[in-house]
Asks: 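First, the structure itself, so that you have it in front of you.
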Amino acid sequence: MGFQKKENWIKYFPALVSGLGMTLAFPNSELWLLAFFALVPLILIVRDATPKESFLLGFCAGLFHFLTLIYWIIPTVHVYGGLHSILAVSTLAFLCVYLALYPAIFAWGLKKTGNYTWYTPFFASALWVGLEYIRTYAFTGFAWGALGYSQYANLNFIQIADFSGVYGISFLIVLVNCTLGMAWISWRENTKKPFATMGLTIMLLAGALVYGHLKMDRISKDIESVPKTVVSVVQGNIRQDQKWDKAFKTTTVEKYVDLSAKQMENKPDLVIWPETALPFYYGFDRPMSEKVNAFARSAGTHILVGSPAVVPNDKQMEYYNRAYMINRFSVVTGTYDKNHLVPFGEYVPLGKYLSFLGKITAQAGNFSSGDGFYKPLEFNKMKTGVLICFESLFPSISSAFVKNGAGILTTITNDAWFGHTSAPKQHFSIAVLRAVENRRSMARAANTGISGFIDPAGRILETTPMFSDTAITRALPVLEKISFYTAYGDIFAMSAMVAICFVFVLKGARKFAKKA
């Protein structure tokens, strides 16, 4: 039965199934295998639709996917941001409408290629990757929910990220979906079987798995012979509604000091506290700053602490989301100011015109971006790149730190905003891909969790329970080799975009030739 003959509500059902299938592939569901089948219903229904209908089908799939994936935005901006429930729902709705445009363009582009041919799955995969790449950086960027992140636990498969980044993983996922869709169509219609496409898909999938197996063995052998650095991550578990309450400042610092002190028997080279762990301006609040400094001197090691920072200039005060590296003499040896800020969370875009909207983190002022340089912070003859919260979503930031000499990567974050939702685990899973892409160990300190350690092969070495006052210590391998992805960046994703343009130009040329 053709698309247009179906009842209105029925024709969108396959798109909704695809949207839900993509969501279930991510944490907390952990059904990562579903990612390889989730798009099949959408691909099948698009074949019988018009380009306009295809756009709407893709939009519905994307809208349902993002609504069910990032639902946590509602409690985040309502409970902690203070927005009215109607505004909170509207915030989620507007963001999901924007994000749904990408699957919509994917479905429209898939339809515009015409009848499904042997190269259709490869074109579709390139189109999806190109759109994910654009989504990562367009309008400040929001890469949450990129398909490749769903495979963070599929270790053999994700090793190709050291060449292609997370985009190569998304490419293969979409390739398998499209190939399965074409195979189903061929069987249903008893037409010529797409053996060439199926063969190429199987070869690429098998190649990725073999590469992953060999690469993991190689990384494991490298880890045995490289230097190690001992790192402690501290999870203070400070409630968000208490975090900026002046009455809890002393209690907060004492909790971090006590938790850290219990790890000193492990002789860590570095102790890491989360993003804005200090609920005051370090260096300005003398009594509270001295409590931190006193611990650094007594511990005799380096401490990486997150704190809001204020810098006076001629016209006004500038505020930063900062990480301080403090040595055993309580001397600040380096700082890093967050460069990629969260819109409406840390600053108001076009603040001159939209200032009435306000921010979630009003207590810390309107943050300014850092200097744009990703200089690692030094500790005990080692260097670490520091990703502050949202920055872990952007592959280019991690690779910039590694190119500048980072031997390990660190993420400090305050995921208390997310409450008891799936967001903390989704956020943690993104860090796995950053470790694999750059072949660097990752230490992650989160206020309420999930804190933990990831090795250069993406293996999760240890994690903390959510909403627990705890600290853990681990010896992390320090690799020096630079991966292809670190050295050359998103060549794979950009090549996919070039391929998309080439296909459309070629189709346009053919149409012109026929008319001529």
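Quantities reported herein were computed from a predicted structural model and do not represent experimental measurements.
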Asks: Please assess Q235 against T470 for the test side chain to side chain donor-acceptor pair (under 3.5 Å), listing each intermediate value before the final yes or no.
Replies: CA-CA 5 Å; Q235 182 173 300; T470 187; over 6 Å; no
Asks: Does any N or O in the side chain of E132 come within less than 3.5 Å of the main-chain N or O of S170, such that one atom is a donor and the other an acceptor?
Replies: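 Such a contact is absent between E132 side chain and S170 backbone.
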Asks: Is it true that a side-chain atom of E275 and a backbone atom of D415 form a donor plus acceptor pair closer than 3.5 Å?
Replies: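 Judged by distance alone, no pair lies under 3.5 Å.
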Asks: Can you tell me how far apart NZ (K243) and CZ (R239) are? Round to the nearest 0.5 Å.
Replies: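 K243 NZ to R239 CZ: 13.5 Å, rounded to 0.5 Å.
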Asks: For the residue pair F367 and Y320, is the inter-centroid distance of their aromatic rings smaller than 6.0 Å?
Replies: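 No.
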Asks: Do you see a donor-acceptor pair shorter than 3.5 Å between the side chains of E30 and Y152?
Replies: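 The criterion, which ignores hydrogens and geometry beyond distance, is satisfied for Y152 and E30.
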Asks: What's the spacing between T448 OG1 and W417 CH2 if we round to 0.5 Å?
Replies: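 Here the interatomic distance stands at 11.5 Å.
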Asks: Is the NZ atom of K255 crowded by more than 12 outside heavy atoms at less than 6.0 Å?
Replies: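 Atom NZ in K255 is packed in, count exceeds 12.
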Asks: Could you give me the CA-CA distance, side-chain angles and deciding distance for F295 and Y256, then say whether side-chain contact (heavy atoms from CB on, under 4.5 Å) is met?
Replies: CA-CA 10 Å; F295 170 70; Y256 276 108; over 6 Å; no
Asks: Below 30° counts as parallel, above 60° as perpendicular, anything between as tilted: where do the rings of F390 and F394 land?
Replies: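 Correct class here is perpendicular.
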Asks: Is the shortest heavy-atom distance from the side chain of F280 to the side chain of V253 under 4.5 Å?
Replies: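 Yes - at least one pair of side-chain heavy atoms lies under 4.5 Å apart.
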Asks: Measuring only between side-chain heavy atoms, which start at C-beta, is L387 closer than 4.5 Å to M442?
Replies: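 Yes - at least one pair of side-chain heavy atoms lies under 4.5 Å apart.
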Asks: Would you say Q263's side chain and P268's backbone share a donor-acceptor pair under 3.5 angstrom?
Replies: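 Looks like no, no N/O pair under 3.5 Å.
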Asks: Nearest 0.5 Å, what's the OG1-CD1 distance between T276 and I388?
Replies: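 T276 OG1 to I388 CD1: 9.0 Å, rounded to 0.5 Å.
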Asks: Classify the ring geometry between H427 and W144 as parallel (under 30°), tilted (30 to 60°) or perpendicular (over 60°).
Replies: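 The rings of H427 and W144 sit tilted, inter-plane angle from 30° to 60°.
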Asks: Can a donor-acceptor pair be found, under 3.5 Å and without considering hydrogens, that links the side chain of S18 to the backbone of A38?
Replies: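 Indeed, once roles are kept as given, a pair shorter than 3.5 Å links the two residues.
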Asks: Is it the case that T486 and N438 place a side-chain donor and acceptor less than 3.5 Å from each other?
Replies: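 Yes - a donor-acceptor pair under 3.5 Å links their side chains.
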Asks: Evaluate the side-chain proximity of F379 to L304: yes if any heavy-atom separation is below 4.5 Å, no if none is.
Replies: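 With C-beta onward as the side chain, the pair stays apart.
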Asks: Would you say the ring centroid of F36 lies under 6.0 angstrom from that of F157?
Replies: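 Between F157 and F36, which both carry aromatic rings, the centre distance is below 6.0 Å.
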Asks: Rounded to the nearest 0.5 Å, how far does CZ of R322 lie from CG of L278?
Replies: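 Interatomic distance, L278 CG to R322 CZ, rounded to 0.5 Å: 12.5 Å.
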Asks: Less than 3.5 Å apart, any donor N or O on the side chain of H78 or S85 sitting next to an acceptor on the other?
Replies: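 Judged by distance alone, the side chains do not pair up.
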Asks: Please check if the side chain of S54 supplies one atom and the backbone of K111 the other of a donor-acceptor pair under 3.5 Å.
Replies: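 Not at all, since once roles are kept as given, no pair shorter than 3.5 Å links the two residues.
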Asks: Could you point out which residue of Y336, Y282, W273, Y281 forms a ring pair (Phe, Tyr, Trp, His ring centres under 6.0 Å) with Y324?
Replies: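 Output: one option passes, namely Y282.
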Asks: Would you confirm whether N177, through its side chain, and A35, through its main-chain N or O, come within 3.5 Å as a donor-acceptor pair?
Replies: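 Such a contact is found between N177 side chain and A35 backbone.
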Asks: As an exercise, state the distance from OG of S398 to NZ of K403, rounded to the nearest 0.5 Å.
Replies: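 S398 OG to K403 NZ: 11.5 Å, rounded to 0.5 Å.
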Asks: Under a 3.5 Å distance rule, please check whether R444 uses its side chain to pair with a backbone N or O of A431 as donor and acceptor.
Replies: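 Side chain of R444 to backbone of A431: no pair is present.
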Asks: Just by distance, do the side chain of N339 and the backbone of G372 share a donor-acceptor pair under 3.5 Å?
Replies: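 Judged by distance alone, yes, a pair lies under 3.5 Å.
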Asks: Report the C-alpha distance between T333 and I326 in whole Å, list the side-chain angles of each, state the deciding distance to 0.1 Å, and finish with yes or no for side-chain contact (heavy atoms from CB on, under 4.5 Å).
Replies: CA-CA 6 Å; T333 58; I326 306 170; over 6 Å; no
Asks: Do F492 and Y167 have ring centroids that are under 6.0 Å from one another?
Replies: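 Not close enough - the centres of the two rings lie 6.0 Å or further apart.
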Asks: Less than 6.0 angstrom separating the ring centers of Y137 and Y133, yes or no?
Replies: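 So the answer is yes for these two rings.
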Asks: So does S232 get a backbone contact from the side chain of R474, meaning a donor-acceptor N/O pair under 3.5 Å?
Replies: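 No, the answer is negative, given that no donor and acceptor are paired below the 3.5 Å cut-off.
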Asks: So, T410 and T384: side-chain donor and acceptor under 3.5 Å apart, yes or no?
Replies: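 Judged by distance alone, the side chains do pair up.
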Asks: Give, for atom CG of D337 and atom CG of L341, the distance between the pair rounded to the nearest 0.5 Å.
Replies: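 Atom-to-atom, D337:CG and L341:CG are 9.5 Å apart.
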Asks: Please assess T251 against E254 for the test side chain to side chain donor-acceptor pair (under 3.5 Å), listing each intermediate value before the final yes or no.
Replies: CA-CA 5 Å; T251 303; E254 288 176 348; 5.2 Å; no
Asks: I'd like to know if the side chain of E462 reaches the main chain of F453, judged simply by a donor and an acceptor atom lying under 3.5 Å from each other, with no hydrogens or angles considered.
Replies: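 Judged by distance alone, no pair lies under 3.5 Å.
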Asks: Does I74 reach the side chain of V89, with side-chain heavy atoms less than 4.5 Å apart?
Replies: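 They are in contact (side-chain heavy atoms under 4.5 Å apart), so the answer is yes.
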Asks: Could you verify whether a donor N or O on one side chain and an acceptor N or O on the other, from N447 and Q240, lie under 3.5 Å apart?
Replies: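 No, no side-chain donor-acceptor contact under 3.5 Å.
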